[in-house]
Amino acid sequence: MTGTDMRNEAEDSGPSGYAAARLHLLTEEARSGPPRRAALADLTDDWLAGLFAAGAEGARGVSLVAVGGYGRAELSPRSDLDLLLLHDGGDPEAVAALADRLWYPVWDLGLDLDHSVRTPAEARRTAGQDLKVQLGLLDARHLAGDLGLTTSLRTTVLADWRNQAPKRLPALRELCEERAERQGELQYLLEPDLKEAHGGLRDATALRAVAASWLADAPREGLADARRRLLDVRDALHLTTGRATDRLALQEQDQVAAELGMLDADVLLRQVYEAARVIAYAGDVTWREVGRVLRSRAVRPRLRAMLGGKPVSERSPLAEGVVEQDGEVVLARAARPERDPVLPLRAAAAAAQAGLPLSLHAARRMAATARPLSTPWPAEAREQLVTLLGSGRPTVQVWEALEAEGLVNSLLPDWERVRCRPQRNAVHLWTVDRHLIETAVRASAFTRRVHRPDLLLVAALLHDIGKGWPGDHSVAGEVIARDVAARIGFDRHDVTVIATLVRHHLLLVETATRRDLDDPATVRAVADAVGTQGTLELLHALTEADALATGPAAWSSWRASLVADLAERVRAALSGDAPEGPEEATPTAEQERLAIEAVATGAPVLSLRARTEPSAAPSDDPEPLGVELRIAVPDQEGVLPAVAGVLAMHRLTVRTAELRAVDLPDGVDGSVLLLDWRVAAEYGSLPQAARLRADLVRALDGSLDIAARLGERDAAYPRRRGVVAPPPRVTVAPAASRHATVIEVRAQDAPGLLFRIGRALEDAGVRVRSAHVSTLGANAVDAFYVTQEQGVPLPGEEAVAVARKLEETLRG
């Protein structure tokens, strides 16, 4: 039966003819998706137009209007009909009689009906009072009667919407947020509401309304297709259940998948999640743009007028090639993604650290033009990834922006198998990919508990990566994690640790809850699997982060106590002779030369040397790895805070640092401290070595007040409210060295941090015999070997007091 035949049957036979034609259309296998929805709307239009013509009998000043989803001609099998009978108020009794002739046949067929009878003035007034009514009228479509009446209403309602947009759009956003809070996020729910959940059809309609306001527009790429996919799923849900439902219940997912020709319910859910993710991301971007436009209209109108109407927009540097503008992270004007393969990770890390969203345009430009990273990754790329993962809750928003533009898959190809993958376990709140990010977010709070926060964060990102493959996901994940970690650029030892963490990420919780911990064989089996105390420390933190990211039912104080008890028993089993501390390394020829020159001149001597590694493309320049800064200084008080303070003044970030006394050749008197550091500019170019040396001389002789200079800079450029990092932790390492007291500091890296640590240790009256500083992403993990003035370790109580005072200083 053709479309014309169905329309003729509907018109000839009245309600029963429409019902038969409708049933034939819905059971016709050859037609589905948008064509069927459009055909159903056409069929219904013709039927209602016939009912109107029979009841109106030449009446004027009245029209029948479809609104809402029906107005968009998007009729699912069990959709209700949203109808407005519009009239000019001339003959209320005739209009009431016409309404009865229209509504009762619809009800007789058992169709849901949302109806109203209004004059244009009443419709306009109601729209002004009820946002949902106004949204429905934005999609008004004429069905029958006085076309001029319908056209006039459409024009008026649309003009009102655009004029009132500055007030109405914030209300619409609030409505969307309340609904999201109530219904949850469609892209993660096992039984999602396709219409009401965040990222569902309601949100897609809201984006249409924003576009109609002319105030902002949603990213259009993929949006129409995502909306179509959700409508197709809703059609299949209506057909399989025979009900007007939008909730995709578990027991119906296999049937819906079969109706759509999909392999199984997992494929169905993954497509639903992918569509929801597109809509949700488009909504996030659009609402940010709405906020930006509304703020720009409200702020500094006089100044804008003075500038000839041009918008005032400040740009604050965040990192090399990355700036903040209008509350978003964008690329600097001089940024060249095609020549800077680390830029996507640097921009993402800067955005997450600042707690700001990554601009849509920046993400798209980098996705389109950024050059692939070399294999293995440059050190900076690895550091920026760790910084991004360790940024806490802001990581989620930034990661979603990278993923929406395909940047995550280009950086980590193995991610595609876990992207939008459902987890059919009621304990899990998230899809596999979001669970991995949530685990990293949780792990970021534990970075003060471990010596290698970078390994913890990367293992958190990869611990369930094997769920995209057949078999035991821990076994498959170990293989993938080993490959990914090597590609990221970790050395062989670190790769093994990460692979071990992924392979055994369930070991502690499963053993603690299912085995007898008093049995020595239980503890020995875990110890053999873990291997070292360092790996055990990481595994304990990963276990808790994984459980917390799974959901409330996965972790409790009881489970935590059992795991902690097991970890303590395994730690005891693994304990052996503690290390004595770092071995004294023989100075290189260059180090010896610098030391002799420092003794001869009685002043600091330094050298700067760029370190590079080969690029992926032979014809390109080498990739910058950082700058080696070597300084030799005659042994004196205040060297560590002086050097650290000068570097902070010049906006140099310390990646690694070693400070130690060196033995001079026979015949050369004096004592020299050697500092061998790797530094990088926060942004811009490196300062000249001569300028660094001049400022260092002044800092050591007291003529340069570093604290005041840093204070002035912080006051002029207050730090943004970004990541809420875990508090710093300062501990005394027990029995770490017989020759010195080892004070360990774990804190959020920040400009001037090493200066503050050095000055606090100087104020405590201790001498820094050697220092070993590393910056792992955004985390500083430092060890300071300190002694009393006589060169002996600190007594126990004094060491604890120094550590406590240093921690209080860093917290302040």
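Below, all heavy atoms of this structure are taken into account, side chains as well, without hydrogens, waters or symmetry copies. Counting begins at 1 with the first residue of the sequence.
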Would R288 and D284 pass as an ion pair if we require N to O under 4.0 Å? no
Salt bridge or not between E252 and R243? Use side-chain N to carboxylate O under 4.0 Å. yes
Identify whether the distance between the nearest side-chain nitrogen and carboxylate oxygen of R208 and D139 falls below 4.0 Å. yes
Is the side chain of H238 donor-acceptor paired with the backbone N or O of D235 at a distance under 3.5 Å, no angle test? no
Check this for me, if you would: do R36 and E28 make a salt bridge, where the nitrogen-to-carboxylate-oxygen distance has to be below 4.0 angstrom? no
Assess the side chains of H87 and D146: does a donor N or O sit below 3.5 Å from an acceptor N or O? no
Parallel, tilted or perpendicular, judged at 30° and 60°: which one describes the rings of W47 and Y18? parallel
Without swapping roles, check the side chain of W430 against the backbone of Q423 for a donor-acceptor pair under 3.5 Å. no
Side chains of H463 and H435, donor plus acceptor under 3.5 Å: yes
Is it true that a side-chain atom of R247 and a backbone atom of E191 form a donor plus acceptor pair closer than 3.5 Å? yes
Salt bridge check, D433 against R277: does any charged N sit closer than 4.0 Å to a carboxylate O? yes
Please lay out, stage by stage, how Q253 and R424 fare under the test side-chain hydrogen bond (donor to acceptor under 3.5 Å, both in side chains). CA-CA 12 Å; Q253 290 174 8; R424 296 194 173 275; 2.9 Å; yes
Taking the side chain from S213 and the backbone from L215, do they hold a donor-acceptor pair closer than 3.5 Å? yes
Using a strict cut-off of less than 4.0 Å between a Lys/Arg side-chain nitrogen and an Asp/Glu carboxylate oxygen, indicate whether D266 and R421 qualify as a salt bridge. no
Is E177 salt-bridged to R173, cutoff N-O under 4.0 Å? yes
Evaluate the side-chain hydrogen bond (donor to acceptor under 3.5 Å, both in side chains) criterion for residues H505 and D464: first the C-alpha distance (whole Å), next the side-chain angles of each, then the deciding distance (0.1 Å), finally the verdict. CA-CA 9 Å; H505 69 273; D464 274 349; 3.2 Å; yes
Is D193 reaching over with its side chain to a backbone N or O of E196, donor-acceptor style, under 3.5 angstrom? yes
Quick one: do R229 and E274 make a salt bridge, cutoff under 4.0 Å? yes
Give a yes or no answer on whether the side chain of R162 reaches the backbone of A212 with a donor-acceptor pair at less than 3.5 Å. yes
Do the side chain of T245 and the main chain of T241 share a donor and acceptor less than 3.5 angstrom apart? no
Do any N or O atoms from the side chain of R270 and from the backbone of R419 form a donor-acceptor pair under 3.5 angstrom? yes
Is a salt bridge present between R37 and D232, judged by a nitrogen-to-oxygen distance below 4.0 Å? yes
Answer yes or no: is there an ion pair linking D546 with R442, defined by an N-O contact shorter than 4.0 Å? no
Do any N or O atoms from the side chain of S152 and from the backbone of L149 form a donor-acceptor pair under 3.5 angstrom? no
For the pair R154 (side chain) and H142 (backbone), establish whether a donor and an acceptor sit closer than 3.5 Å, ignoring hydrogens and angles. no
Are R417 and W469 in a cation-pi contact, defined as NZ or CZ under 6.0 Å from the six-membered ring centre and within 45° of the axis? yes
